[in-house]
Amino acid sequence: QVQLVESGGGLVQAGGSLRLSCAASGRTFSYDYMGWFRPAPGKEREFVGALSWTGPLRNYADSVKGRFTISRDDAKSTVYLQMNFLKSEDTAVYFCAASTQWTRVDSDYFYWGQGTQVTVSS
């Protein structure tokens with residue numbers, strides 16, 4: 001079992017920044033990859049970005065590339081999503097998730113957090 005808890009969401013003006021956190025606990029060593037997702041029109045969950053706990057791998061959706069950065073703190077077992085230059089279309093509930101695969105597909109992620117709301121006002 002892996003437990004994931006997101007935090008850091010809130011209300012921000014367009015052009016502003018937020019940093020989301022995802023604290024992981026439990027059998028995290030079994031799941032090398034962490035992803036961030038958000039709901040999107042026509043999709044249950046849209047891939048935002050992912051990283052590997054054990055190496056330098058990073059991957060981002062085109063819609064956030066250059067604006068969002070994923071990082072990790074191994075000592076805290078926490079993954080971060082730094083979101084800069086936020087746009088109104090970034091408004092969503094953001095979820096972190098754990099997988100054994102390097103993938104953008106939400107169904108390949110086994111454990112999910114409860115989500116944190118990000119609202120960007122224009």
Side-chain angles (χ1 to χ4, degrees):
Q1 289 281 349
V2 174
Q3 293 79 42
L4 302 174
V5 179
E6 302 97 333
S7 61
L11 174 64
V12 63
Q13 287 189 329
S17 298
L18 278 176
R19 188 178 79 160
L20 307 184
S21 300
C22 174
S25 61
R27 296 177 63 85
T28 56
F29 55 85
S30 299
Y31 297 88
D32 282 345
Y33 307 106
M34 296 292 293
W36 286 95
F37 290 82
R38 65 188 183 188
K43 301 178 183 179
E44 184 173 351
R45 289 176 288 223
E46 173 188 50
F47 173 80
V48 175
L51 62 63
S52 166
W53 281 113
T54 57
L57 291 176
R58 301 288 188 275
N59 196 4
Y60 298 96
D62 288 344
S63 59
V64 306
K65 198 173 293 183
R67 300 189 298 123
F68 291 10
T69 303
I70 296 177
S71 62
R72 67 180 200 251
D73 184 329
D74 294 344
K76 297 181 179 179
S77 295
T78 298
V79 173
Y80 302 99
L81 180 66
Q82 177 68 44
M83 305 185 296
N84 298 328
F85 304 108
L86 282 161
K87 306 175 182 180
S88 57
E89 52 262 43
D90 294 319
T91 294
V93 177
Y94 284 72
F95 298 87
C96 67
S99 177
T100 58
Q101 304 178 54
W102 184 238
T103 176
R104 294 180 169 219
V105 178
D106 60 345
S107 59
D108 291 332
Y109 286 77
F110 295 100
Y111 292 100
W112 293 80
Q114 82 290 347
T116 185
Q117 175 70 47
V118 171
T119 303
V120 184
S121 64
S122 57

So which atom in [X] and which in [Y] form the shortest heavy-atom distance, rounded to 0.1 Å?
X: A24; Y: W53; value: CB-CZ2, 4.3 Å
X: A14; Y: S122; value: CB-CA, 4.2 Å
X: Y111; Y: V2; value: CD2-O, 3.4 Å
X: A40; Y: E46; value: CB-CB, 3.6 Å

Closer than 3.5 angstrom, by distance alone: can the side chain of [X] be matched with the main-chain N or O of [Y] as a donor-acceptor pair?
X: T78; Y: K76; value: yes
X: E6; Y: G115; value: yes
X: Y60; Y: I70; value: yes

Measure the spacing between [atom1] of [X] and [atom2] of [Y] and express it to the nearest 0.5 Å.
X: Y109; Y: R104; atom1: OH; atom2: CZ; value: 9.5 Å
X: S52; Y: R72; atom1: OG; atom2: CZ; value: 6.5 Å
X: L81; Y: L20; atom1: CG; atom2: CG; value: 5.0 Å
X: F110; Y: L4; atom1: CZ; atom2: CG; value: 13.0 Å
X: T119; Y: L11; atom1: OG1; atom2: CG; value: 6.0 Å
X: R45; Y: D106; atom1: CZ; atom2: CG; value: 4.5 Å

*Would K87 and D90 pass as an ion pair if we require N to O under 4.0 Å?*
no
*Would you please classify the geometry between the W112 ring and the F37 ring as parallel, tilted or perpendicular, with 30° and 60° separating the classes?*
tilted
*Can you label the angle between the W102 ring and the Y33 ring as parallel, tilted or perpendicular, going by 30° and 60°?*
tilted
*Would you kindly check if the NZ (Lys) or CZ (Arg) of R19 is within the cone defined by 45 degrees around the ring axis of Y80 and under 6.0 Å from the six-membered ring centre?*
yes
Taking C-beta and beyond as the side chain, do [X] and [Y] meet within less than 4.5 Å on heavy atoms?
X: V79; Y: W36; result: yes
X: Q13; Y: S88; result: no
X: Q114; Y: V93; result: no
X: S17; Y: F85; result: no
X: M83; Y: T69; result: no
X: M34; Y: C22; result: yes

*Linking I/L/V/M/F/W/Y whenever any side-chain heavy atoms sit under 4.5 Å apart, do V118 and F47 land together?*
no
